[in-house]
Structures are given as structure tokens and as C-alpha cells.
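Just the heavy atoms: all of them, side chains too, but no hydrogens, waters or symmetry mates, feed the values below. All values reported here derive from a predicted model rather than from experimental measurement.
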Amino acid sequence: LNGDRSLADGDYLVNLMATDAAGNESELPVAFTLDTTAPTIDLAEPLNNSAIAADNQLVGTVDEDMVMLTYRFNNGVEVDVSLQNRNFSQALDTAGLPIGANSLTLTAIDKAGNVSEETITVIVAEDDRDLVPPVISAALATDSGIDNSDRITNKAQITGNVSDDREIAAVMASLDE
């Protein structure tokens, strides 16, 4: 079926029939749903041209069941967005965004493969970036030398703490021999 006739979105049944030269007939019903309408994304947060920080959420709704909903900053990697009854509320991963204007693009794909994109601008302010390094405190677990502060030990063990006003991404140690 490929004609000039325009069909409205909806459910259809096409009956295909064929007859050969001997008069034998075959019939095959083909049912399908036509959906040519792109999904609608209603983004509640963040708003266009608003400032964002590390704790911002992506909040909104879509108007139909989705196969996929993602977001990305500045043509970066797409991040999957979880949907619950066509609603979404998810933390934005703002790590590594440059200070200033950044594009935030949401992409929705419905069950028929229709694609919708919405792009807004969000602002990262200098004071919203993590510019303070973590604080490390460490010492020998046992300083067994003659003086408690000579850093001579018979037990190679270090204890310590790492703190930061934001999340610690990694803690590593290396030993120079």
C-alpha cells in the first residue's frame, strides 16, 4: 500500500486479495497503527536561560509512552532519562560543563519512531563550579620510632581521611620505592 491517499493517525485494516490466471484467490488482512505525530516534551525544570548548579534536577513530562528519552549538554554524550508514568525527575550531571551558556537538549523517541527534540540554554555560573580541591589528612598508623613524630615505623600502615564539600570521585595512593 503506497498511494497518494493521506491517512489520519489511527488503526487500520487493509485486506489484500490476489487472483491468479486459473481463478484461485488468496486473501490476507494486514492490521496496523499509523502514528506520524512526534512526541511532546514538557520541560518544567530547568527553565530556558536559567542558572544551574550541581544539584539541579531535570523535571518534566512527555505526552505518550516513549521508547527512549535522553538529555545531553553541548553535543556531548546522551544520558538516559528514566520515565515513570510519562513523568521524569532526574539529577543533571553537570560535571565538566564550562562556565557560561550551555545548550541542554532533550530527545524523545516514541513507539512509532517519531523523534522530538527540545533545546534550551542553561547558565553555569563561576560560583556554581567546584573550584576547591579535596582535603587529605594522613599519618602513619603506628609511629614506633623513639620519637612519636620521627616517622619511623615497624608497621607499614597509613590511616587518613579525605573530605570535600562535594562528592569525592576517587582516592588513590602510590608508593615510591
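There is no side-chain donor-acceptor pair under 3.5 Å between Thr61 and Asn87.
Looking at every heavy atom in both residues, Thr119 comes nearest to Ser103 through CG2-CB, 4.0 Å. Nearest heavy-atom pair, Ala138 versus Ile158, reported as atom, atom and distance to 0.1 Å: CB-CG2, 3.9 Å. In terms of heavy-atom proximity, Asp42 sits nearest to Phe88 at O-CZ, 4.4 Å. Nearest heavy-atom pair across Pro39 and Asp110 is CD-OD2, 3.9 Å. Between Thr121 and Ala101, the shortest heavy-atom distance links the atoms CG2-CB, 3.9 Å.
With contacts defined as side-chain heavy-atom distances shorter than 4.5 Å, the pair Ile52/Asn102 does not qualify. With a 4.5 Å cut-off on side-chain heavy atoms, Leu47 and Val122 do not count as touching. Pro134 has its side chain within reach of Val162: a pair of non-hydrogen atoms, C-beta onward, lies under 4.5 Å apart. Considering only heavy atoms from C-beta on, Val81 stays 4.5 Å or farther from Met68 through its side chain. Two residues are said to be in side-chain contact when any heavy atoms from C-beta on lie closer than 4.5 Å; Met66 and Ile109 fail this criterion. Using a 4.5 Å cut-off on side-chain heavy atoms (C-beta onward), Asp164 and Val135 make no contact. Taking the side chain as every heavy atom from C-beta outward, Val59 and Gln90 never approach each other to under 4.5 Å. Taking 4.5 Å as the limit, every side-chain heavy atom of Val124 sits out of range of all side-chain heavy atoms of Pro98.
Residue-environment remark: CD (Glu27) exceeds the threshold of 12 foreign heavy atoms within 6.0 Å. Taking a 6.0 Å sphere around CG of Asp147, one finds it holds more than 12 heavy atoms contributed by other residues, nucleotides or ligands.
The structure places CG of Leu58 at 6.0 Å from CG of Leu104, a figure rounded to the nearest 0.5 Å. Distance check, rounded to the nearest 0.5 Å: CG of Leu34 to OG1 of Thr36 gives 5.5 Å. Going from atom CG of Asp35 over to atom CD of Glu64 covers 5.5 Å, rounded to the nearest 0.5 Å. Note that CD of Glu118 and OG1 of Thr105 are 9.5 Å apart. Values are rounded to the nearest 0.5 Å. Annotation: the span from Ser82 atom OG to Leu69 atom CG amounts to 9.0 Å, rounded to 0.5 Å. A distance of 5.5 Å separates CD1 of Ile120 from CG of Asn48, quoted to the nearest 0.5 Å.
Val77 and Leu92 sit in two unconnected hydrophobic clusters of ILVMFWY residues. Membership requires side-chain heavy atoms under 4.5 Å apart, directly or through other members. In the hydrophobic clustering of ILVMFWY residues, with side-chain heavy atoms under 4.5 Å counting as a link, Val79 and Ile41 come out together.
Not a single donor-acceptor pair under 3.5 Å links the side chain of Asp80 to the backbone N or O of Thr70. Asn74 places no side-chain N or O within donor-acceptor distance of the main-chain N or O of Gly76, the cut-off being under 3.5 Å.
Under the ring-ring contact (aromatic ring centres under 6.0 Å, His included) criterion, the residue pairs touching residues 49-81 are Tyr71-Phe73, with sequence neighbours excluded.
Using a 4.0 Å cut-off between charged side-chain N and carboxylate O, Asp65 and Arg86 make a salt bridge.
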CA sep, side-chain torsions, deciding dist, call: Thr37, Asp9, side-chain hydrogen bond (donor to acceptor under 3.5 Å, both in side chains): CA-CA 8 Å; Thr37 305; Asp9 285 3; 2.7 Å; yes

Which donor-acceptor pairs under 3.5 Å do the side chains of residues 10-23 make with protein atoms, sequence neighbours left out?
residue : atom : partner : partner atom : Å
Asp11   : OD1  : Thr33   : OG1          : 2.6
Tyr12   : OH   : Ala8    : N            : 3.2
Tyr12   : OH   : Ala8    : O            : 2.6
Asp20   : OD1  : Ala22   : N            : 3.1
Asp20   : OD1  : Gly23   : N            : 3.1
Asp20   : OD1  : Asn24   : N            : 2.8
Asp20   : OD1  : Asn24   : ND2          : 3.4
Asp20   : OD2  : Asn24   : ND2          : 3.1

